[in-house]
**Student:** 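Please read through the structure below; I'll follow up with questions.
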Amino acid sequence: MGIRFILMVNKQGQTRLAQYYEYLTLEERRALEPEIVRKCLARTEQQILCKAVIHVYDADVYLYMEQCSFVEHRNYKIVYRRYASLFFLVGVDNDENELAILEFIHLLVETMDRHFGNVCELDIMFHLEKAHFMLEEMVMNGCIVETNKSSILAPIQLMDKMN
């Protein structure tokens with residue numbers, strides 16, 4: 001399967017959108033979401049560094065530390081990215097490509113930006129059905145099936161014209 005769930009949360013850790021592609025009971029979801037959100041939002045540049053790159057210039061040593069955008073939790077790999085006040089968290093299988101999922105998150109944000117105009121937390125809250133519809137157009141049964149922004153937004157624009 002690939003993608004197991006997608007969460008959008010604000011800086012305070014409140015879930016604004018949750019989409020699951022595998023069955024979890026409500027109790028399991030209520031336990032899983034706060035654990036993941038705490039783990040991802042609590043990370044700082046001083047914690048859990050993924051890569052250290054050393055460059056030597058004129059006998060001076062420069063050490064650059066970069067933090068990765070994924071963590072492992074239970075049997076998931078959580079790939080996440082922050083855009084403005086929203087965190088986009090995607091739970092995937094352990095063998096899934098992290099960079100592909102980061103690219104998917106970026107595509108999702110660009111698609112929402114195109115529709116809402118610089119998407120923010122309030123857009124998700126007041127147009128939750130449209131956000132879910134975009135995800136349903138992009139992901140089916142945990143697999144990414146559509147990446148063309150125009151194709152993703154076409155049905156939503158038709159619905160908007162009808163209203």
**Student:** If hydrophobic clusters are built from ILVMFWY residues whose side chains come within less than 4.5 Å, do Met138 and Leu99 share one?
**Tutor:** yes
**Student:** Show every salt bridge (charged side-chain N to carboxylate O under 4.0 Å, His left out) that has at least one partner inside residues 6-15, sequence neighbours left out.
**Tutor:** none
**Student:** Please report the shortest heavy-atom distance between Tyr21 and Gly142, naming the atom on each side.
**Tutor:** CD2-N, 3.6 Å
**Student:** Under a single-linkage rule joining Ile, Leu, Val, Met, Phe, Trp and Tyr whose side-chain heavy atoms are separated by less than 4.5 Å, which residues share a cluster with Leu122?
**Tutor:** Met125, Phe126
**Student:** Go through the structure and list residues passing salt bridge (Lys or Arg N to Asp or Glu O under 4.0 Å) with Glu98, not counting sequence neighbours.
**Tutor:** Lys77
**Student:** Would you give the length of the straight line joining atom CD1 of Ile78 to atom CZ of Arg74, rounded to the nearest 0.5 angstrom?
**Tutor:** 10.0 Å
**Student:** Does Arg30 have any salt bridge (Lys or Arg N to Asp or Glu O under 4.0 Å) partners at least two apart in sequence or in another chain, and if so, which?
**Tutor:** none
**Student:** I need the minimum non-hydrogen distance between Ser151 and Pro155, along with the two atoms involved.
**Tutor:** O-CD, 3.4 Å
**Student:** Does Asn10 use its side chain to pair, donor to acceptor, with the backbone of Gln14 at less than 3.5 Å?
**Tutor:** yes
**Student:** As an exercise, state the distance from CG of Leu41 to CZ of Arg82, rounded to the nearest 0.5 Å.
**Tutor:** 8.5 Å
**Student:** Indicate if Val37 and Leu26 have the same hydrophobic cluster label, given that clusters are the connected sets of ILVMFWY residues with side-chain heavy-atom separations under 4.5 angstrom.
**Tutor:** no
**Student:** A side-chain contact here means heavy atoms from C-beta on lying under 4.5 Å apart; do Met8 and Phe87 qualify?
**Tutor:** no
**Student:** If I take atom CD from residue Gln19 and atom CG from residue Leu7, how far apart are they, to the nearest 0.5 angstrom?
**Tutor:** 10.0 Å
**Student:** Atom CG in Leu89, atom NZ in Lys39: separation rounded to 0.5 Å?
**Tutor:** 12.0 Å
**Student:** Would you name the heavy atoms of Pro34 and Arg29 that are closest together and state the gap between them?
**Tutor:** CD-O, 4.2 Å
**Student:** Given side chains that start at C-beta, do those of Cys40 and Val71 come closer than 4.5 Å, heavy atoms only?
**Tutor:** yes
**Student:** If you count heavy atoms of other groups shown closer than 6.0 angstrom to CE of Met159, is the number above 12?
**Tutor:** yes
**Student:** With Phe5 as reference, evaluate Ile36, Val92, Val90 under the side chain to side chain contact (heavy atoms under 4.5 Å, CB included) test and give the passing residue.
**Tutor:** Ile36
**Student:** Can you see which heavy atom on His132 is nearest to which on Ala18, and at what distance?
**Tutor:** CE1-O, 3.4 Å
**Student:** Could Arg4 and Tyr76 be counted as a cation-pi pair, given that NZ or CZ must be under 6.0 Å from the ring centre and within 45° of the axis?
**Tutor:** no
**Student:** Could you check Ser69 against Leu102 for side-chain contact (heavy atoms from CB on, under 4.5 Å), going step by step and ending with a plain yes or no?
**Tutor:** CA-CA 8 Å; Ser69 295; Leu102 281 172; 4.0 Å; yes
**Student:** Which atom pair, heavy atoms only, marks the closest approach of Val119 to Asp113?
**Tutor:** N-OD1, 2.6 Å
**Student:** How long is the gap from CG on Leu135 to CG on Leu17, to the nearest 0.5 Å?
**Tutor:** 6.0 Å
**Student:** I need the full list of salt bridge (charged side-chain N to carboxylate O under 4.0 Å, His left out) pairs touching residues 149-163, with sequence neighbours left out, sorted by first then second residue.
**Tutor:** Glu110-Lys149, Lys130-Asp160
**Student:** Transitively linked via ILVMFWY side-chain contacts under 4.5 Å: Ile3 with Val145?
**Tutor:** no
**Student:** Side chains of Ile156 and Met134, heavy atoms from C-beta outward: is any pair under 4.5 Å?
**Tutor:** yes
**Student:** Under the criterion side-chain contact (heavy atoms from CB on, under 4.5 Å), I'd like the reasoning laid out for Met112 against Asp123: C-alpha separation, chi angles, the key distance, then a yes or no.
**Tutor:** CA-CA 9 Å; Met112 290 182 166; Asp123 292 323; over 6 Å; no
**Student:** Checking Thr111 against Leu107 for the side-chain contact (heavy atoms from CB on, under 4.5 Å) test, could you report, in this order, the C-alpha distance in whole Å, the side-chain angles of both residues, the deciding distance, and whether it holds?
**Tutor:** CA-CA 6 Å; Thr111 305; Leu107 173 70; 4.0 Å; yes
**Student:** Mind checking whether His73 and Leu32 have side chains closer than 4.5 Å, heavy atoms only?
**Tutor:** yes
**Student:** Please enumerate all residues that pass salt bridge (Lys or Arg N to Asp or Glu O under 4.0 Å) together with Arg81, with sequence neighbours excluded.
**Tutor:** none
**Student:** Between CG of Leu108 and CD1 of Ile144, what distance do you get to the nearest 0.5 Å?
**Tutor:** 10.0 Å
**Student:** Please work out whether the ring planes of Phe88 and Tyr83 are parallel, tilted or perpendicular, with thresholds of 30° and 60°.
**Tutor:** perpendicular
**Student:** side-chain contact (heavy atoms from CB on, under 4.5 Å) for Val139 and Glu146? Distances and angles first, verdict last.
**Tutor:** CA-CA 7 Å; Val139 180; Glu146 184 61 72; over 6 Å; no
**Student:** Give a yes or no answer on whether the side chain of Asp93 reaches the backbone of Asp95 with a donor-acceptor pair at less than 3.5 Å.
**Tutor:** no
